[in-house]
Amino acid sequence: MKSEPSFKIMVPFAAIYSLCLFLPTIDMLATYTVNLWIFSFPFGVAALIFPAIYPLSDSITEVYGKSVAFYIIAICYIAIISLSFINNLLLSSANNHYLYDFMLKPSILTTIIGPIAYILTSYINVKLISKLKFKMRGKHFVIRSLFCSALSEAVTSIIVLPVIFHDKGIHYITSLTTGTVLIKVLVTIPFVFIARFLVAAYRYVDDISNTVYNTNFILNKKLESSI
């Protein structure tokens with residue numbers, strides 16, 4: 001049984017994961033407004049893309065374990081942060097940099113605050129879903145992933161949005177954060193089911209037995225707790 005994903009899994013996963021991680025930084029300032037009868041609230045466009053991040057990492061954690069998930073998350077995010085810094089440097093040093101000032105400042109803020117929020121929530125997400133898998137004996141992946149992903153999304157929004165929109169006033173920030181968290185939770189649901197399909201795909205491609213893996217996972221956890 002393989003303990004880490006093959007290149008058939010790693011290459012497309014890293015590409016999709018990095019893309020879903022990078023696109024929200026471009027759309028950070030873009031917002032939509034939802035109007036439902038007497039209710040009206042704004043939300044960030046990134047809420048339609050970023051919710052794919054945590055279910056994707058959950059699918060890797062489910063099959064290959066938290067160490068592999070932490071490694072892949074770290075590699076992808078280092079690459080994205082490096083590219084973001086290079087992009088910000090090129091924009092700020094361009095002759096017509098004033099044309100990009102409206103996006104440069106939030107981009108720099110995202111590059112600074114993003115790693116703090118993302119690393120924190122990714123750590124919580126991977127550790128929590130790993131712990132819940134042990135408690136639930138490998139069952140109910142959709143429930144576990146939805147709970148962990150929704151929690152991580154909420155924490156990320158609460159940390160990042162007030163910093164990016166700090167000049168918009170407390171009322172707008174509160175409304176935007178609440179609306180973004182709500183939309184993120186709703187959008188997370190289909191991504192969790194996609195992640196459940198990916199779990200089966202990983203096991204098929206890398207020839208990993210579901211029963212054997214779950215048994216080894218539980219035995220290893222018991223061994224770790226007894227040390």
Side-chain angles (χ1 to χ4, degrees), residues 2-28 44-84 110 114-115 117-133 136 138 140-157 159-160 180-181 183-206 208 210 213 217:
K2 297 181 179 180
S3 59
E4 58 185 36
S6 62
F7 282 105
K8 293 179 181 178
I9 300 296
M10 276 292 295
V11 173
F13 177 87
I16 294 173
Y17 189 88
S18 299
L19 184 63
C20 292
L21 194 57
F22 181 69
L23 287 179
T25 64
I26 300 176
D27 299 331
M28 185 57 66
V45 173
L48 301 177
I49 304 172
F50 195 77
I53 290 296
Y54 299 109
L56 282 174
S57 66
D58 288 345
S59 67
I60 291 293
T61 306
E62 181 76 5
V63 179
Y64 304 102
K66 60 184 179 182
S67 296
V68 174
F70 282 138
Y71 174 77
I72 295 176
I73 288 170
I75 292 299
C76 289
Y77 203 68
I78 288 173
I80 294 301
I81 287 300
S82 300
L83 291 174
S84 295
T110 304
Y118 178 74
I119 294 301
L120 173 63
T121 53
S122 291
Y123 179 81
I124 293 173
N125 184 68
V126 172
K127 290 282 287 187
L128 186 56
I129 196 167
S130 182
K131 189 176 184 65
L132 287 176
K133 179 174 184 179
M136 296 183 179
H140 311 299
F141 171 79
V142 170
I143 296 175
R144 288 185 280 116
S145 182
L146 181 58
F147 172 76
C148 295
S149 298
L151 177 63
S152 300
E153 291 290 355
V155 174
T156 302
S157 297
I159 295 175
V160 174
T180 300
V181 169
I183 296 298
K184 278 185 172 182
V185 171
L186 293 176
V187 175
T188 295
I189 296 174
F191 282 125
V192 166
F193 282 97
I194 293 175
R196 181 66 186 89
F197 168 79
L198 291 176
V199 167
Y202 300 157
R203 288 174 175 153
Y204 175 78
V205 172
D206 282 344
I208 296 175
N210 186 17
Y213 176 75
F217 181 86

Exercise. Can you tell which of Tyr71, Tyr64, Phe70 makes a side-chain contact (heavy atoms from CB on, under 4.5 Å) with Val68?
Worked result: Tyr64

For this session: Find the distance between CD1 (Ile194) and OG1 (Thr188) and round it off to the nearest 0.5 Å.
Result: 11.0 Å

Exercise. Would you say the side chain of Tyr202 lies within less than 4.5 Å of the side chain of Ile60, judging by non-hydrogen atoms?
Worked result: yes

Problem set entry | Any donor-acceptor pair under 3.5 Å from Thr121 side chain to Ala117 backbone | yes

For this session: State, without any angle test, whether Tyr77 and Ser122 hold a side-chain donor-acceptor pair at a distance under 3.5 Å.
Result: no

Exercise. What distance do Arg144 atom CZ and Lys131 atom NZ have between them, rounded to the nearest 0.5 Å?
Worked result: 13.5 Å

Exercise. For Leu21 and Ile53, which heavy atoms make the closest approach, and how far apart are they?
Worked result: N-CD1, 3.6 Å

Exercise. Which pair of heavy atoms, one from Ser130 and one from Lys66, lies closest together, and at what distance?
Worked result: OG-CD, 3.9 Å

Exercise. If every non-hydrogen atom of Phe141 is compared with every non-hydrogen atom of Asp58, which pair is closest and at what distance?
Worked result: CE1-O, 3.7 Å

Seminar exercise, completed: Closest non-hydrogen atoms of Pro51 and Phe191, given as atom of the first, atom of the second and distance, are C-CD1, 3.8 Å

Exercise. Are a donor atom and an acceptor atom from the side chains of Ser157 and Thr180 found within less than 3.5 Å of each other?
Worked result: no

Problem set entry | Close side-chain approach of Phe13 and Pro5, heavy atoms under 4.5 Å | no

Exercise. Side-chain contact, heavy-atom cut-off 4.5 Å: Arg203 with Val63?
Worked result: yes

Exercise. Looking at side-chain heavy atoms only, is the closest gap between Thr61 and Asn125 below 4.5 Å?
Worked result: no

Exercise. Do you know the tightest heavy-atom contact between Pro55 and Ala195?
Worked result: O-CB, 3.3 Å

Exercise. Counting only N and O atoms by type, is there a donor-acceptor contact under 3.5 Å from the side chain of Lys184 to the main-chain atoms of Phe50?
Worked result: no

Problem set entry | Leu198 vs Leu56, side-chain contact (heavy atoms from CB on, under 4.5 Å): CA-CA, chis, key distance, verdict | CA-CA 8 Å; Leu198 291 176; Leu56 282 174; 3.6 Å; yes

Exercise. Are any of the side-chain heavy atoms of Met10 and Ile72 separated by less than 4.5 Å?
Worked result: yes

Problem set entry | Side-chain (Ser57) to main-chain (Tyr54) donor-acceptor, under 3.5 angstrom | yes

Problem set entry | Distance in Å, Ile129 CD1 paired with Ser145 OG, rounded so as to fall on 0.5 Å steps | 4.5 Å

Seminar exercise, completed: For Leu146 and Ile189 the tightest heavy-atom approach is CD1-CG1, 3.9 Å

